[in-house]
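Worth knowing before you read on, the calculation uses all heavy atoms, side chains too, and leaves out hydrogens, waters and symmetry mates. This structure is a prediction, so every number in the text was calculated from the model and none was measured. Sequence positions, counted from 1, serve as the residue numbers for this chain.
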Amino acid sequence: MTVSAVLLVTAVVWAVSLIRSVRLRAFVYSLPLPMSLALVSTGHRVEGAQLLGVLGLNLFFVVVAVTHHRLRWPILLADAAGIAGYVAFSAGLLAVPVPFAPALVGTVALWALAMLLLRRRHPAPEPAAPVTGAHSGRRLPAPVKLLVILLGATLTGLLGELLRAMVVTFPYSGVLVAVESRRDLVAFTRHFARNSLALVAFLAAYHRWQDGPPVAALAAGWVAFALVAGALHAATRVGVIRSRRSATAAG
């Protein structure tokens, strides 16, 4: 990982650590900033495996949430388990060719299924979250944050040969973001899963234009991300309004 990549990861993590709303934290983390830098700096093409890599990102947070909250593992050990899950998932994807179109259809279908299951478990969209997580308890000292970022960057470099093209979706800043959001990691994971569709749109648009200038491909990816993220936000707002109306009527 380059110095610029470390600085970018630091900026993303620091921004996430300052945000009180879990929903907004998940959105800021989902911005494809490290992904864009990885595409530009490595020259890897976006194919079907990278689309499924978005599922790997979700797998990372699910593993961390389960091991930390259910199994009561220390957060850094849970982080290590999440990274191991992502690496194993990536190794499986790299072992076989993954056609882009079936991967796109499958990823969107799995996202829709996940949203349906989450809606049944949590039918009412959550309002803006109160001060929770790292913001309600003792925060990590700045030197510890920097150490974790450097360790994550070092681990990325060591795993680079194994991950190859899957470095594009590697959870660069996810290690420390999970630490910062450890007390509300389940809610964070749920919100990030919803935002994942915008990342799929980013990769799909980049794939469409990647044979042209890299700047054009990145611009197309960011436009697609913004459109889908805006649609998801609007849908959430509508759900919140309906939920509040139903609660008022019931009251």
K.L.:
As an exercise, state the distance from CE of Met35 to CZ of Phe170, rounded to the nearest 0.5 Å.
P.N.:
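Met35 atom CE to Phe170 atom CZ measures 12.5 Å (nearest 0.5 Å).
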K.L.:
What pair of heavy atoms forms the shortest contact from Ile19 to Ala15, and how long is it?
P.N.:
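That closest heavy-atom pairing would be CG1-O, 3.1 Å.
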K.L.:
How close do Leu197 and Val108 get, counting heavy atoms only, and between which atoms?
P.N.:
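The pair with the smallest heavy-atom distance is CD1-CG2, 4.4 Å.
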K.L.:
Whether the Arg72 and Thr67 side chains hold a donor-acceptor pair (N or O, under 3.5 Å, no angle test) is what I'd like checked.
P.N.:
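Thr67 and Arg72 do not have a side-chain donor-acceptor pair below 3.5 Å.
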K.L.:
Does Arg194 form a side chain to side chain contact (heavy atoms under 4.5 Å, CB included) with Leu118? I'd like the steps, not just the answer.
P.N.:
CA-CA 10 Å; Arg194 186 202 62 182; Leu118 287 175; over 6 Å; no
K.L.:
If you define the side chain from C-beta out and look only at heavy atoms, does anything of Pro171 sit under 4.5 Å from Tyr29?
P.N.:
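Pro171 reaches Tyr29 side chain to side chain.
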K.L.:
Donor-acceptor pair, distance only, cut-off 3.5 Å: does the side chain of Arg25 make one with the backbone of Arg20?
P.N.:
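Here the side-chain-to-backbone pair exists.
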K.L.:
Could you give me the CA-CA distance, side-chain angles and deciding distance for Thr169 and Tyr86, then say whether side chain to side chain donor-acceptor pair (under 3.5 Å) is met?
P.N.:
CA-CA 10 Å; Thr169 52; Tyr86 179 87; 2.6 Å; yes
K.L.:
Measure the spacing between CE of Met115 and CZ of Arg190 and express it to the nearest 0.5 Å.
P.N.:
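With rounding to 0.5 Å, CE (Met115) is 10.0 Å from CZ (Arg190).
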K.L.:
Let me see the working for Arg45 and Asp211 under salt bridge (Lys or Arg N to Asp or Glu O under 4.0 Å), right down to the final yes or no.
P.N.:
CA-CA 9 Å; Arg45 293 177 61 83; Asp211 291 326; 3.0 Å; yes
K.L.:
Are Leu39 and Phe202 close enough, and set up right, to give a side chain to side chain contact (heavy atoms under 4.5 Å, CB included), and what steps lead you there?
P.N.:
CA-CA 12 Å; Leu39 287 170; Phe202 170 86; 3.9 Å; yes
K.L.:
Which atom pairs, donor and acceptor, lie under 3.5 Å between side-chain atoms of residues 50-61 and protein residues at least two apart or in another chain?
P.N.:
unit_1, atom_1, unit_2, atom_2, d
Gln50, OE1, Glu47, N, 2.7
Gln50, NE2, Ala165, O, 3.2
Asn58, OD1, Ser196, OG, 3.4
Asn58, ND2, Val54, O, 3.0
Asn58, ND2, Ser196, OG, 2.9

K.L.:
Please give me the minimum heavy-atom distance between Ala38 and Val167, naming the atom from each residue.
P.N.:
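So the minimum-distance heavy-atom pair works out to CB-O, 4.4 Å.
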K.L.:
Going through the checks in order, is the side chain to side chain donor-acceptor pair (under 3.5 Å) test met by Arg164 and Ser90?
P.N.:
CA-CA 9 Å; Arg164 301 199 298 275; Ser90 298; over 6 Å; no
K.L.:
Less than 4.5 Å apart, any side-chain heavy atom of Val12 and any of Leu31?
P.N.:
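No, too far: nothing below the 4.5 Å cut-off.
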K.L.:
I'd like a table of donor-acceptor pairs (distance under 3.5 Å, sequence neighbours excluded) in which one partner is a side-chain atom from residues 73-85, with atom names and distances.
P.N.:
none

K.L.:
Over all heavy atoms of both residues, which pair between Ser30 and Leu199 is shortest? Give the atoms and the distance, please.
P.N.:
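Scanning both residues, the minimum pair turns out to be O-CD2, 3.0 Å.
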K.L.:
Under 3.5 Å, side-chain donor or acceptor atoms of residues 215-235 against the rest of the protein: list the pairs with distances, not counting sequence neighbours.
P.N.:
unit_1, atom_1, unit_2, atom_2, d
Trp222, NE1, Ser36, OG, 3.0

K.L.:
Donor-acceptor check, side chain of Arg208 to backbone of Ala205, threshold 3.5 angstrom: yes or no?
P.N.:
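No, Arg208 side chain to Ala205 backbone: no donor-acceptor pair under 3.5 Å.
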K.L.:
Ignoring hydrogens and geometry, is there a side-chain-to-backbone donor-acceptor pair from Ser21 to Leu24 under 3.5 Å?
P.N.:
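Confirmed, Ser21 side chain pairs with Leu24 backbone.
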K.L.:
Taking all heavy atoms of Ala204 and all of Phe100, pick out the closest pair and write down the distance.
P.N.:
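Closest approach of Ala204 to Phe100: CA-CZ, 3.8 Å.
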K.L.:
Flag yes if Val63 and Val66 sit in one hydrophobic cluster, no otherwise; membership is Ile, Leu, Val, Met, Phe, Trp, Tyr, and two members link when side-chain heavy atoms are under 4.5 Å apart.
P.N.:
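They do not share one cluster, since no chain of ILVMFWY contacts under 4.5 Å joins Val63 to Val66.
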K.L.:
Spell out, yes or no, whether Val200 and Val62 are grouped together once hydrophobic residues are joined by side-chain heavy atoms under 4.5 Å, including indirect joins.
P.N.:
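Val200 does not cluster with Val62.
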K.L.:
Measure across Leu93 and Ala49 and return the closest heavy-atom pair with its distance rounded to 0.1 Å.
P.N.:
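Scanning both residues completely, I find the closest heavy atoms to be CD1-O, 3.7 Å.
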K.L.:
Between Leu203 and His207, is a side chain to side chain contact (heavy atoms under 4.5 Å, CB included) present by the stated rule, with each step listed?
P.N.:
CA-CA 6 Å; Leu203 290 172; His207 172 83; over 6 Å; no
K.L.:
For the ring pair Phe27 and His191, is the centre-to-centre distance below 6.0 Å?
P.N.:
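No, too far apart.
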K.L.:
Can you tell if the side chain of Arg183 reaches within under 4.5 Å of the side chain of His69, non-hydrogen atoms only?
P.N.:
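Not touching, per the 4.5 Å side-chain cut-off.
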